[in-house]
Amino acid sequence: MPPARPSRVYFYGTCLVDLFFPEAGLAGIQLLQRAGVEVVFPEGQTCCGQPAYNCGYFEEARAVARTQIALFPEDLPVILPSGSCAGMMKHHYPDLFRGQPDEAAARAFAARVYELTQFLVDVLDVRLADLGPPVKVTWHSSCHALRDLGLKGQPQALLGQLANVELAPLARERECCGFGGTFSVRHPEISGTMACDKAADALATEASVVLSTDGGCLLNVKGVLEAQTAPMRVQHIAEFLWERTHAR
Amino acid sequence: MPGESDMNEGGPSGRFAPSASPLVHPHGVTERSPATPSGPSFRASAAKALGDAQLRANFRRAMDGLMTKRSAQFPDPGDLQALRDLGTAVRTRSLLRLPELLEQLEASCTRNGIQVHWAETCDQANALILGLLKARGATRLVKGKSMVSEEMHLNAFLESHGIESLESDLGEYIIQLDHETPSHIIMPAIHKNKGQIAQQFSQKIKDAAYTEDVDELTALARKVLRQKFLEADAGLSGVNFAVAETGTLCLVENEGNGRMSTHVPPLHIAVMGLEKVVARLEDVAPLYALLTRSATGQPATTYLNLISGPRAKDEMDGPREIHLVILDNGRSRIYGDPQLQATLRCIRCGACMNHCPVYTRVGGHAYEAVYPGPIGKILTPQIEGVGLRHDLIHGSSLCGACSEVCPVEIPIPDILVRLRREATHADAASAVAGQGTGRTTSEDLAWRAWAAVLKRPRLYRLSAWFATRFRQFIPGGLPLLKAWTLSRTTPLPAPRSLQERIRKEGMPRV
Amino acid sequence: MSDARAAILARLRAASTDNPLPTLDTAVLERRRWSPTERVKRLRRGMEAVHTEFLEARTEDWPEVLGAFCEREGIKTLLYGPGTEAGRRLAAVMAVTATALRPYDAPVETFKDELFQAVDAGFTTTLGGVAETGGLLVAPGPQEPRLLSLVPPVHLALLRASAIHDTLWSAIRSLGWDQAPPPNALMISGPSKTADIEQTLAYGVHGPRRLIVILVHDLPGTPA
Ligand code: SF4
């Protein structure tokens, strides 16, 4: 159940947005602010712990996760510009902390976690007015956003509000791009093949940009597009939405 | 991405011969794992498969077709979910009552005239079957499709004892002619195209003219195999579901070779993994509905064959004896772990592989395992040892397409994560085969360093500062980066991190 | 091998928990229900999709319909079970046709070669059908042996429209199979088939190449 519209929320940047897509972080914060909520961005954010968790290094993941949970003491929603990290916090923290003294705290925290587009649509019910020129985009659903977190068309709903944006769907919209965190470097041949197929699928739409909620997928697809010097950009959806809807 | 400093070297290359594995005897006896096993390399064999454009195209086309057909069978998401919930509940209940149901199955079968045998290992099961055949002077066995018999390497074993063990499922027959193993659990010859099969038939079947016509190829096999059914001394089959209450063995098939194998020869031997039991015959209905739709997108197969007894005194045909061999081969150990037990819910529909983006690209043989694809990725390491199959356990992006379609909702990605842990940690009181044997000092150190930085915001801030300041100078020779850049450019950090910008510029204000 | 049995069961017992059993919600199966005429339509649609052929008949004339079919198709030898009521009616009618009726009344060992090589078709009755997916319910036994519906290249099956069940699940229950199943029971949806070569469907791989259902329209109010 979405909570009643809050007046304040926390924002969790995630490590990939912090290092690779800071504009998306700023855009996410501004999208929330424009919808009338105050955004709190606590210092000391690092990583949700997913890489270690996915590799079975639970103690290490927990140690990091613990420091992160501690940054968000107030009972406010925690918004992430990432389906994957939100999925980790929302669905895997309860497992990661099972049987630990702070299990209850971890569960309570997990219950407050939202992915950005999910929060904008389900809780804030935002209305966007498109200020940009006509453009064709395509959308990559990250697997974790889709299956761990259970995003159900919120990003597409937001894009649909933009009058000058044409959304050209990928032929294999639900297929993994091959990132998979450490999978991309432990099995680079398989991962790379998947990424190349995803890029080819994107190019076939003749869109000018691929959008996603997840930094990992974006880095992955971007890497392939750049390696092939393909005429297509990748962009985080937060940055795209903000770019198109704020008056300069 | 820290943490895998030595994980990307690919491991030993070359084909894996099961007999060379330190954990598994040629015929499947599992032992405790040695300290640092080096198993088959999924990375190396996958890389090889990826180089075969024809193979990739074959699999992609086949899997696309299967996915489309499956989804057409489940037009209503609500009904699908209700059916999956029911199937999951049926299988979960069966497992919770497993020892009791197995005993009940034994009693019911015995009452029906089906003799029941138990085998802890593949060796025992093979010996049992050989004993049954020898005692009756049987030298010609025809087989219906059975993945458990693949697990046992039964064909090779029987052939080595002078008994012809002939696969009669068309796909199995095709690959047996070429001494290959199945590349898919439902469609064993899916990796071959008809040109290859035409070539093979014209060379290996007596008097066969070369033809690429599928009907003609099928007719050729029909002719050979009907003669074999007629002459066979014994038939062997798998079991899709075994019903405890009624002592019924359920066989699901399209070709009729299962019925031929089980009903023409005087002796029928059925082999099943011990997890295949369900309580009641009506429990089979939802599982059957899920199985046929998930596997090949059919509402029903040609035959659902329910066998509850051999030829009665007044009957004119049917086997005079039926023997059921119940195989463990590591399953009772899997059963012992509450989370991993879910692995045993599997009804072997193959939907997880049909929907797997990795399987679709590398095909079944790259897994070098009896069970390929997502189910194989969780089952094989648990049977053979998690350390030995460490790189297989990591050969998944954890995208979850498998568990999304699994008719009995096996959480395959969660189990993979658990097995990754078991492979690298030996601290728990769990019974996972080969526990801790995939641990390396370098990976350990990498994750410790990772945590040391990320639980200290100041250290993270410092690292972020370096990464952004020296972003142009990230050495391309780093092993992880080398792997990444096989098909991608080096990822370039932003000039300033989000946190640094907020610290310097303050929070944005709308 | 009783050691293996004891060891396996001991390991399983040691791991057993007293977790509560999940409940079985069969509502999704129960709501698959149709009227009798709808059941006939569904069954036909399902079975025709997998190449089953249908002959229309009435209670009074189905043996003639079958006889005419055999003549038309040049079926020389028809194997059947002489002990059933249907078998007796068939014998009476077929005596005057060109098709030779071959009774399956001796152990298969006495005529295995003939069965595999010299029989054109086999005739069986059915216990009914399944509407949901399209299928016949067949329970071979002493009067209609198991191979009758399998080895001959054509399988002719007699189905009464009034004996079509909604689902496999409801059929298993109403036929009492869940209590005491026959030694061999089958659901058959069509002629034998395979897709093992390049996913291309081919019919008649090991079992019958054709399945012909003689559909007896015995529902009350069915136009003759
Ligand atoms: S794991 Fe699930 S999807 Fe895969 S074969 Fe088993 S039942 Fe089917």
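All values reported here derive from a predicted model rather than from experimental measurement. Protein chains get the first letters and strands the later ones, always in sequence-line order, with residue 1 at the start of each.
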Grab the two heavy atoms, one from [X] and one from [Y], that are nearest each other, plus how far apart they are.
| X | Y | value |
| --- | --- | --- |
| B:H425 | A:G56 | CE1-O, 3.3 Å |
| B:A464 | A:L19 | CB-CD2, 3.6 Å |
| A:I190 | B:A46 | CD1-CB, 3.6 Å |
| A:E23 | B:R501 | OE2-NH1, 2.7 Å |
| A:K222 | B:T489 | O-OG1, 4.5 Å |
| A:C47 | B:L454 | CB-CD1, 3.6 Å |

Using non-hydrogen atoms and a 4.5 Å limit, figure out which bit of [X] sits close to chain B: side chain, backbone, both or neither.
| X | answer |
| --- | --- |
| A:V221 | neither |
| A:Q68 | side chain |
| A:R34 | both |
| A:R66 | neither |
| A:H92 | side chain |
| A:C177 | neither |
| A:S142 | neither |
| A:Q30 | both |
| A:T46 | both |
| A:D148 | neither |

Residue part contacting chain A, namely of [X], when any heavy atom lies under 4.5 Å:
| X | answer |
| --- | --- |
| B:Q499 | both |
| B:L492 | backbone |
| B:R461 | side chain |
| B:S396 | backbone |
| B:R503 | side chain |

Is there a side-chain contact between [X] and [Y] (heavy atoms, below 4.5 Å)?
| X | Y | result |
| --- | --- | --- |
| A:V40 | B:M507 | no |
| B:L398 | A:F183 | no |
| A:P188 | B:W484 | no |
| B:C399 | A:R147 | yes |
| A:N54 | B:R421 | no |
| A:W242 | B:V510 | yes |

Hey, are A:R186 and B:E443 close enough for a salt bridge, meaning a charged N less than 4.0 Å from a carboxylate O? yes
Lys/Arg N to Asp/Glu carboxylate O, B:K455 vs A:E59, below 4.0 Å: no
Determine the option with the most heavy-atom pairs under 4.5 angstrom with chain B, choosing from A:A195, A:G49, A:A24. A:G49
Go through A:Q45, A:H246, A:H144, A:Q228 and name the one with the most non-hydrogen pairs under 4.5 angstrom from chain B. A:Q45
Output yes when a side-chain donor or acceptor of [X] lies under 3.5 Å from a complementary backbone atom of [Y], and no otherwise.
| X | Y | answer |
| --- | --- | --- |
| A:H187 | B:L392 | no |
| A:D18 | B:L498 | yes |
| A:Q33 | B:P508 | yes |

Check the pair A:E189 / B:R43 against salt bridge (charged side-chain N to carboxylate O under 4.0 Å, His left out), numbers first and verdict last. CA-CA 8 Å; A:E189 294 84 6; B:R43 182 177 169 190; 2.8 Å; yes
Test item: side-chain donor near acceptor, A:N220 and B:R488, under 3.5 Å: yes
